[in-house]
Amino acid sequence: METLLDIRNLHVMYKTDDHDIYALNGVNLTLEKGTTLGLVGETGAGKTTTALSIMRLLPDKVGFITSGEIYFEGKNILDLSEAQMREMRGSDISMIFQDPMTSLNPMHTVGTQIGEVIKLHNRDLSKSEIEARVDEMLEMVGIPAERKIEYPHQFSGGMKQRVVIAIALACNPKLLLADEPTTALDVTIQAQVLTMMNELKDNLNTSMILITHDLGVVAQICDSVAIMYAGEIVEKGTVQDIFEGEVHHPYTIGLFGSVPDLTKKTDRLNPIDGLMPDPTELPPGCRFAERCPYRKDICTQTSPALVELGTHQIKCHFPQNAKGDR
Amino acid sequence: MEEPLVRTQNLKKYFPTARGLLHAVDDINISIMRGETLGVVGESGCGKSTLGRLLLRLIEPTSGEVFFDGENILDYGKKSMTEMRKRMQIIFQDPYASLNPRMTVSEIIAEPIKVSGMLKNKDDIIERVFELMGVVGLAERFVNTYPHELDGGRRQRIGIARALALNPDFIVCDEPVSALDVSIQAQILNLMMDLQDERNLTYMFITHNLSVVKHISDNIAVMYLGKCVEYAPTEELFSNPCHPYTKALLEAIPIPNLKYRRQLKVIKGEVTSPVNPKPGCRFEPRCPHAKPACQSPDLAAVEVSPNHFVTCTLYSERGLERGGVAV
C-alpha cells in the first residue's frame, strides 16, 4: 500500500501569556491511501491539534509546531509557503468540523457555499459547470439538488452536516479530516450520516482521519486506530489489533471499561481514576502513570518505548493482557 | 400494592408558538417506584426535559396530574410547594452553565441549605458542606475554588452535592453525563448508582444515550415527539423491543465491537415538527410499517407482556387477537 500521510515526531505548543501548553509531544502517524484512521481520545488529548497541524491552521501567534515533519504524498508540508498551503486546503486536504451549526455561513445559500470551493480551486470552470457540480455533490450526500437555493437555517442538523461533507468533498480531496462529524447529531441521524460516509468512502476511495471519542463509531468505520493521551499516541494498530488484540495499553483498557456495553449486563463500570495531567506541567516518564493501576517505579521516571507486535504498537513499559473479545 | 413515589396522569404541556401549539409533552402516564430509576430516552426535541421539569413543577402543565408520594402537587400553594421541593431535586446536563460562576464551591453547595432554612448555624452549614463534598468525592481543598477552576467531572460532582444537600427522595437527572468524557462519565455514573443504593434515592434519568440508560435504569420510557411510544422494564425493552421507533433507535447505535461492524440499520427521514402534529402515531411518516390505521386519533397503549406497554397499531390489532402477547 502507498503511504499518503506520514507525521514524524510532531511537537506542538500553545503559548499564552501565562503558560506554555504542550499539546502534542512527539506524534508519529502514518495513513495509507484509501484507508480510514480513527484518532481516539478524550478532551485535551490533542486530536484536534493534530488535525489542525496537518491543515496548518493552528491559531496564529498562539499555536506553534516546534519540531517534526508532516509528509503529504512525500512532500513536507511544513516547508510550503502559505500560498501553496492555501492551494492544498480544500482541494488536496479538507476538513469537517464538529458543529455543523457554526461551520456554515448563515448569509449564503448552501449552493453558493458548495460552489465557492469548486470555483476557488477550478478557475477554468464555467458557471453552469460549477452549478452542475454543486447539484452532483448535493445528490451524492442525499439532499435533493433543488434545495441548493435554501439557507443553512432551513436545514436540520443532520442535513447541515451533509452540506458540510459535500463542501469538504467538492474538490475530490485525497485526504479528509473529520473532527467529530457525528457528535452533535441524534443517534438515528448519526446512523444515516455514518452509513453515508461508509458509502462515500467505498465509492470515492478518499483517505480519512476520523477524530472521535466514540469507540462505537470507530468500530463502524475505521481501518486503523490511534489512541491519544496527553499529546501522545499511546497505542495504535489495525482496528482488529485494538478491538480484538490480546495486549493493550492500560489507558485503552480503561477507555473500553468506561463504556457501558449494550450487549452485556454489568453492575458497575470500571472507570479510570483521576484526570488527565495538566498540559502545562507534564509529568516525566509515562504521562498515564499517575492514573495507571499497573504503575511501577520505572513508569514515573522513564518515558516508555514503543512495544511492537506486528502492526500493533503500544507505548507502555508493561502492556497488559486484556480479554480480546470485547 | 405499593404506591409509586412519582406518578403522572395524562400529563400534557403545549407551548404556544407563532405557528401554533407545540406539543412538547402529550398525554404521558408514568410511575416511578421508590428507590428505582426510570430512564427516559429519546432524541432532541422529544420532550424528555420538559417532562422532567413538569414532574418538579418547574413549569406548569397544560393539563393532567402529577402525584408525588400520593399527593397531587398541582393542588399545592406556593408555600407547600416550597416545602415539597426539598424532597425533589434536579441535576442538569451542562456543569459549565448550571453553576453560578461567581460563587465558590462551598457557597454553591450551601445555598439550598440556607434558602430552605434546614441549618442556621454557620459552623453546622460548613460541616454539612464538607460532609456532602466527601459523599460525592470532592477533595476538601476545593472548598473555596470557583467552578471555572475545575474540570467537567468535578463540576458535575458539585451539581450532585447541591442536589443532595436537602436529603431529597427524588432527583431528576437531565443528561447528567452527556457533556463529560467517557472515563469521567463512568466515574459519575458509578457515584450516582452508589448514592442510590446508600440513600434509597429515586431517579428519573433523562438521556439520549441508550447504553447509559440501560446501565442505570430499572424501567425505560421511550419518547418520540412528546409521546411515550414504549414503556418496559430495562431487560425486557432491550431483549424484546416492540415499537418500530425503539427498534430503529437500538439498531442505530454504533456498538464498539467488530462483530457489529457495518450493521447499522438506517431509518429514513427526520423528526417531524411538534407544532400542531397530525392525529395518530407521530412516527408514522418515518415508519417502515406505516399504514392508514396509524393515522387514527385514538391509538392506545397495549400491554404486550407484564408491565411492557407499546403504542403501535402493529400491536393494538394483533395484540388483541393473540391475547396480548408480543409477536
Side-chain angles (χ1 to χ4, degrees), chain A residues 40-45 142 155-159 182 184-196 198 212-222 239-240 242-244 251 254-276 291 325-326, chain B residues 41-46 137 150-154 177-191 193-194 197 208-216 224 234-235 238 245 248-272 286:
Chain A
V40 182
E42 299 180 271
T43 315
F155 290 82
S156 63
M159 283 293 183
T182 58
L185 306 178
D186 275 322
V187 6
T188 59
I189 308 300
Q190 165 171 286
Q192 292 174 357
V193 173
L194 288 178
T195 307
M196 184 194 83
N198 259 337
T212 182
H213 63 270
D214 187 335
L215 292 162
V217 172
V218 174
Q220 285 298 320
I221 286 205
C222 299
V239 73
Q240 285 79 16
I242 303 295
F243 282 81
E244 288 168 356
Y251 177 63
L255 265 188
F256 275 92
S258 301
V259 191
D261 190 338
L262 266 181
T263 58
K264 287 188 208 114
K265 190 173 165 56
T266 38
D267 191 30
R268 287 288 190 275
L269 298 168
N270 299 307
I272 313 168
D273 287 335
L275 303 167
M276 210 182 290
R291 302 172 75 184
D325 182 46
R326 279 183 298 223
Chain B
V41 262
E43 298 179 272
S44 18
C46 72
L150 303 175
D151 62 278
R154 289 210 177 99
V177 295
S178 307
L180 305 175
D181 273 319
V182 282
S183 71
I184 310 298
Q185 177 177 316
Q187 293 173 3
I188 299 292
L189 283 177
N190 281 356
L191 170 67
M193 291 172 82
D194 291 342
D197 291 351
H208 66 276
N209 186 329
L210 278 146
S211 20
V212 167
V213 89
K214 177 178 185 225
H215 183 67
I216 201 165
Y224 190 79
T234 302
E235 286 304 313
F238 280 85
Y245 177 63
L249 264 187
L250 289 175
E251 283 163 355
I253 307 171
I255 294 176
N257 187 323
L258 295 185
K259 271 188 279 185
Y260 303 93
R261 187 170 170 90
R262 291 201 169 201
Q263 285 186 8
L264 292 184
K265 293 216 181 82
V266 173
I267 47 164
K268 61 181 180 186
E270 297 182 0
V271 179
T272 46
R286 299 173 78 185

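Each chain gets a letter, A, B and so on, in the order the sequences are listed, and its residues count up from 1. All values derive from a computational prediction rather than experimental measurement.
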Visitor: How far apart are the closest heavy atoms of Ile255(B) and Gln220(A), and which atoms are they?
Guide: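 Minimum heavy-atom separation between Ile255(B) and Gln220(A): N-NE2, 4.4 Å.
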
Visitor: Chain B: which of Leu275(A), Leu215(A), Leu262(A) shares the most heavy-atom pairs with it under 4.5 Å?
Guide: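 Option with the greatest count: Leu262(A).
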
Visitor: Looking only at heavy atoms, which two atoms of Glu42(A) and Ser183(B) are closest? And how far apart?
Guide: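 Nearest pair, atom of Glu42(A) first, then Ser183(B): OE2-OG, 2.7 Å.
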
Visitor: With chain B as the partner, which of Asp214(A), Val218(A), Val259(A), Val239(A) has the greatest number of non-hydrogen pairs under 4.5 Å?
Guide: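 Top option by heavy-atom pairs under 4.5 Å: Val239(A).
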
Visitor: Output the option from His208(B), Lys268(B), Glu270(B) having the highest count of non-hydrogen pairs under 4.5 Å with chain A.
Guide: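 Highest number of pairs under 4.5 Å: Glu270(B).
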
Visitor: With a 4.5 angstrom heavy-atom cut-off, is it the side chain or the backbone of Met276(A) that approaches chain B, or both, or neither?
Guide: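 Neither the backbone nor the side chain of Met276(A) comes within 4.5 Å of chain B.
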
Visitor: Enter the distance from Thr188(A):OG1 to Leu264(B):CG here, rounded to the nearest 0.5 Å.
Guide: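 Going from OG1 on Thr188(A) over to CG on Leu264(B), the span is 11.5 Å.
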
Visitor: So which part of Leu189(B) gets closer than 4.5 Å to some heavy atom of chain A, the side chain, the backbone, both or neither?
Guide: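 Only the side chain of Leu189(B) comes within 4.5 Å of chain A.
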
Visitor: Which one wins on heavy-atom pair count under 4.5 Å against chain A: Leu180(B), Thr234(B), Asp194(B)?
Guide: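 Ranked by contacts with chain A, first place is Asp194(B).
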
Visitor: So which heavy atom on Pro254(B) is nearest to which on Leu194(A), and how close?
Guide: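 Residues Pro254(B) and Leu194(A), closest heavy atoms: CG-CD1, 4.2 Å.
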
Visitor: State which residues pass salt bridge (charged side-chain N to carboxylate O under 4.0 Å, His left out) with Asp273(A); sequence neighbours excluded, sorted by chain then number.
Guide: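 Result, salt bridge (charged side-chain N to carboxylate O under 4.0 Å, His left out) vs Asp273(A): none returned.
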
Visitor: Quick one: of Ile272(A), Asn198(A), Asn270(A), who has the most non-hydrogen atom pairs under 4.5 Å with chain B?
Guide: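 Maximum pair count with chain B is reached by Asn198(A).
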
Visitor: Indicate yes or no for a side-chain donor-acceptor contact from Asp181(B) to the backbone of Thr43(A) under 3.5 Å, with no hydrogens or angles considered.
Guide: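 Side chain of Asp181(B) to backbone of Thr43(A), a donor-acceptor pair under 3.5 Å: yes, one is there.
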
Visitor: Gln192(A) versus chain B, heavy atoms under 4.5 Å apart: side chain, backbone, both or neither?
Guide: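 For Gln192(A), heavy atoms of backbone and side chain both lie under 4.5 Å from chain B.
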
Visitor: Answer with side chain, backbone, both or neither: which region of Asn209(B) has an atom nearer than 4.5 Å to a non-hydrogen atom of chain A?
Guide: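 Answer is neither: Asn209(B) stays 4.5 Å or more from chain A.
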
Visitor: Taking every non-hydrogen pair under 4.5 Å, which of Gly274(A), Pro260(A), Ser156(A) racks up the most with chain B?
Guide: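 Maximum pair count with chain B is reached by Pro260(A).
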
Visitor: Heavy-atom cut-off 4.5 Å, strictly under: side chain, backbone, both or neither for Glu235(B) against chain A?
Guide: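 Glu235(B) touches chain A through side-chain heavy atoms alone.
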
Visitor: Can you measure from CD1 (Ile216(B)) to CG (Leu269(A)) and round to the nearest 0.5 angstrom?
Guide: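 Reported value, rounded in 0.5 Å steps: 9.0 Å.
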
Visitor: For residues Glu244(A) and Leu258(B), report the shortest heavy-atom separation together with the two atoms involved.
Guide: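 Minimum heavy-atom separation between Glu244(A) and Leu258(B): OE2-CB, 3.5 Å.
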
Visitor: Which atoms of Asp151(B) are under 4.5 Å from chain A, going by heavy atoms: the side chain, the backbone, both sets, or neither?
Guide: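 Side chain only.
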
Visitor: Under a 4.5 Å heavy-atom cut-off, does chain B meet the side chain of Ile221(A), its backbone, both or neither?
Guide: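 Backbone of Ile221(A) only, per the 4.5 Å heavy-atom cut-off to chain B.
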
Visitor: Measure distances from Thr195(A) to the heavy atoms of chain B and classify the residue's part below 4.5 Å as side chain, backbone, both or neither.
Guide: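 For Thr195(A), the contact with chain B is made by the side chain alone.
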
Visitor: Quick check on the interface: out of Arg154(B), Arg286(B), Met193(B), who has the most heavy-atom pairs with chain A under 4.5 Å?
Guide: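 The residue among Arg154(B), Arg286(B), Met193(B) with the greatest pair count is Met193(B).
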
Visitor: If I measure from the heavy atoms of chain B, does Val187(A) come under 4.5 Å with its side chain, its backbone, both, or neither?
Guide: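 Its backbone and side chain both get close to chain B.
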
Visitor: As an exercise, state the distance from CZ of Arg261(B) to CD of Gln240(A), rounded to the nearest 0.5 Å.
Guide: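 Between Arg261(B) CZ and Gln240(A) CD, I get 7.0 Å after rounding to 0.5 Å.
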
Visitor: Given that the side chain runs from C-beta out, which part of Leu250(B) has a heavy atom under 4.5 Å from chain A: side chain, backbone, both or neither?
Guide: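 For Leu250(B), neither part sits under 4.5 Å from chain A.
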
